[in-house]
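Since the structure is predicted, the reported quantities are computational estimates derived from the model, not experimental observations. Chain identifiers are assigned alphabetically (A, B, ...) following the order of the sequence lines, protein sequences preceding nucleic acid strands; residue numbering begins at 1 within each chain.
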Amino acid sequence: MTDLQTQIGDISIRSPLILAAGVLGTSFSSIKRVYNNGFGAMVSKSIGIKPNAGYVNPTIFLLPETRSAMNAVGLANPGVEDFFEKMKPNLEEKLPIIYSIYGNEEEQIRAIIEKLNQLNPLAYELNVSCPHGGKFGLSVLHDDELFRSLVTTAKKYATCPVWVKLSPNAVNITDYAEIAISSGADAIVAINTLKAMVIDIETMTPVLANKAGGLSGKAIKPIGVRAVYDLYSRFPKTPIIGVGGIETAEDVIEYLLAGASAVEIGTAFAYTDDQEKLGTQINSELESYLKDKGLKLEELIGKAHKE
Amino acid sequence: MNTKGLGRPIIREIVKIVEETELTKTFYFNGEGLFAKPGQFYMLWLPEIDEKPISACITNIEEGFIGLSIKKVGRFTEEIQQRKIGDKVGIRGPFGKGFNHEKGRKAIFIAGGIGIAPIRSIFDLLKKEQEELVLIYGAQTDSDLVFKEYFTQFTNNVTYCTDDGSFGYHGFPTDILRNFLEKEIKKGGELNYSIYGCGSELFLKAVLDLIASIDQSLLTHTQLSLADRYMRCGVGLCGSCIIDDTGLSVCKDGPVFTGEILAKTTDFGIYGRNPDGSKSKIQPHY
C-alpha cells in the first residue's frame, strides 16, 4: 500500500484529505463519522465566544449545474463553552481535530483558545475570511492591524500550530498571507468561499436570506488552484492547505501540484450518495495515481512550478 | 449521483387550497419535477420570510400535482396559511430517504397530529398494492384529525384517538398499538408487520419503546419519520440536523430511520438541535 501520509509543518496526518470548516462539524459524532471514512483530519465548524443562531433560512442551497453551493449561514455555532462540552469525548478518542475559530477582538481569541487548548487540538484554523460573517467575517481580514493582532494573539496562546484561512476576495491573496506569516501563522488555508449572489427571477428576490453569501464547490476550483500556486511561489517554506471544489483524486492532485501539502473537502459531501465512502474512494484513487507515476505523495507538492 | 431536485428553489403558484381543519390546510401545486417518494420532504420557501422542511404528503403523478398539508404551529406556518390561490412560493427538493416499502409484510401506520402528512404518502402507495392496512391516528382533539373521511374509504381497520375523547378512542394511539400487537401474538405465529410512523418525537419515542418491549425483532421493520427536526441545507452538508451518537444527518440519511438505528442514538426523543447547533430537551407538543 502506498503511503498517503503528509506533513503540514510539525503535524503529520494519515491522508491529505481534511474535512473543511462549516461542513458536518458541529457534532463530535459527525466529525468521527468523517474520520472513519478515511480522512486525515477534520476542521470543526467555526466557533466564536458566544452562541450564534446565524441567519434565517434559506441559508444554503446547491447549484447542481456547476456542482457548487451557495451559503450564508452567518457563522452559526453554539459558542465555545457549549462546544467544549460537546467535544470532550475527544480527550479519550484523540481524533485529529482542527478547531476553526473566529472573533474580532484579541480578548475573544484568547478566551476561545485558552478553553479549546484543553482539548489538545491538532491545530487552530483562524477564520478571518467568512464572506457572510458581518463584523466577524471578511472585515477582519480587510483591517490589517486587527488581522495582525488576532494572528499574533492566537499564536501567543495556542498550544498547537495556528493556520490562517484566507479569502479569494482580495486583490492579491499573497499580501494577506504575508501579514499572517509575519505574525507567526504556521500554515495558510486557501481559499474560503467566494462572495456571491443568486437572484430568483420569478419573485425577483435574492434567494439567500442574507442576500449575499459564499460560493463553494466545483465552480471555484480553478480560483483555489491559482491562489495556492501563487502562495507557494511567494512562500515556498510555508505549508499550504488547498480548499475549493475538491471532489475527486484528480482535484486533490491538482492542488498538490500547485503547492498544497493537504486539502480540505466540504461541498463534495452534498454531491455523493454515499458519504461513508467519499474519503476511502479518493484515497484509493490517489494511491493508484502515485503507483502509476512511481512517485511519493510529497514529491507531488509544488511539482507544477517548473522554474 | 442524480442531482435533479437538489438545486435552488423552484417557484410554483398555489393552484388549490383545501381547508382540512381549523388549523390545517392543504396547498396544491403543479408537481412537475417535484414528485417525491413517500417520506421524503421539501424545503418550502416564503421569500423574505423563512424556509422550513415540510413533508411530502399528496403525490399524484397521473394528474401532475402535489399537495402539502400544513398545520398552523408558528410564525412560518401562520404566514403560509394566509397565502391565496395564485400566490407564489419556492420549493426545493424532494430531499432525504423516505419510507422503504417492505413487500410481503402487512402494514401498520401510526401517526400523531400533523405527522399524518408523511403517513398519508406511504399509505397512498400501499393502498394500491396491498389489502391489509391498519391505521392508528391520534390528535389532541377531533378538530385536529386530518383526512378522516379519506382513510376510511380504503380500509376498515382505522382507529382514531383523541386526547380529550372528542372523537374515537379516548386515549393514546400507543394503547391501540399495544392491544393490537398483543392480540396478534395471542393468535400465534410471527408478527409479520411493517410499522410506519410519524408525529412529535416524544410520541415516536413512546411508539418505539412500546415496540421494543413487545418484540425486539420488529425494530428493523419499524420506520419513523423525524421530519419535525430543525434543518437547513437539506443535502447533508451543514450538519445542523445531526443526531448523536450516530453522526447521521436527518435531512440526507433520514428523515425516515428504522427503529433499530433510532434505538442506538442518544438524541432520539430526548434532545433536539437548535439553529446555533446546541441541543435542548425536546418539549411535548402535537
Tell me, for [X] versus chain B, whether the close heavy atoms (under 4.5 Å) come from the side chain, the backbone, both or neither.
X: A:Asn52; value: backbone
X: A:Val34; value: neither
X: A:Ala270; value: both
X: A:Lys86; value: side chain

Would you indicate whether [X], at its atom [atom1], is surrounded by more than 12 heavy atoms from other residues, nucleotides or ligands within a distance under 6.0 Å?
X: A:Leu91; atom1: CG; value: yes
X: B:Tyr271; atom1: OH; value: no
X: A:Lys115; atom1: NZ; value: yes
X: B:Lys279; atom1: NZ; value: yes
X: A:Lys195; atom1: NZ; value: no
X: A:Glu114; atom1: CD; value: yes

Give the intermediate values and the outcome of salt bridge (Lys or Arg N to Asp or Glu O under 4.0 Å) for residues B:Arg8 and A:Glu65. CA-CA 10 Å; B:Arg8 69 184 83 181; A:Glu65 61 274 27; 2.8 Å; yes
Nearest-0.5 Å distance, [atom1] of residue [X] to [atom2] of residue [Y]:
X: A:Ser30; Y: B:Asp245; atom1: OG; atom2: CG; value: 10.5 Å
X: A:Thr59; Y: B:Glu51; atom1: OG1; atom2: CD; value: 7.0 Å
X: A:Ile60; Y: B:Met231; atom1: CD1; atom2: CE; value: 13.5 Å

Taking all non-hydrogen atoms of both residues, which atom of [X] and which atom of [Y] are closest, and how far apart?
X: A:Thr203; Y: B:Ile11; value: CG2-CD1, 4.0 Å
X: B:Arg232; Y: A:Tyr55; value: NH2-O, 4.3 Å
X: B:Gly7; Y: A:Pro64; value: CA-CD, 3.4 Å

Under a 4.5 Å heavy-atom cutoff, which of A:Ala53, A:Ala76, A:Gly54, A:Pro206 has the most pairs with chain B? A:Ala53
Heavy-atom pairs under 4.5 Å with chain B, option from A:Pro51, A:Gly22, A:Pro78 with the top count: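 Looking at each of A:Pro51, A:Gly22, A:Pro78 in turn, A:Pro78 comes out on top.
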Select, from B:Cys238, B:Ser240, B:Ser249, the one with the greatest count of heavy-atom pairs under 4.5 Å involving chain A.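 Between B:Cys238, B:Ser240, B:Ser249, the count favours B:Cys238.
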Determine the sole option in A:Ile31, A:Leu24, A:Thr26 for which the side chain to side chain contact (heavy atoms under 4.5 Å, CB included) test with B:Ile242 is passed.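 One option only clears the test, and that one is A:Leu24.
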Side-chain donor or acceptor of [X] paired with backbone N/O of [Y] under 3.5 Å:
X: A:Gln275; Y: B:Gly236; result: yes
X: B:Asp50; Y: A:Asn57; result: yes
X: B:Lys252; Y: A:Phe269; result: yes

Against chain A, label [X] side chain, backbone, both or neither, depending on which of its atoms sit under 4.5 Å from a heavy atom there.
X: B:Phe95; answer: neither
X: B:Met43; answer: side chain
X: B:Lys52; answer: neither

Verify side-chain contact (heavy atoms from CB on, under 4.5 Å) between A:Arg33 and B:Leu248, making sure each step is shown before the conclusion. CA-CA 8 Å; A:Arg33 193 167 168 236; B:Leu248 297 169; 3.6 Å; yes
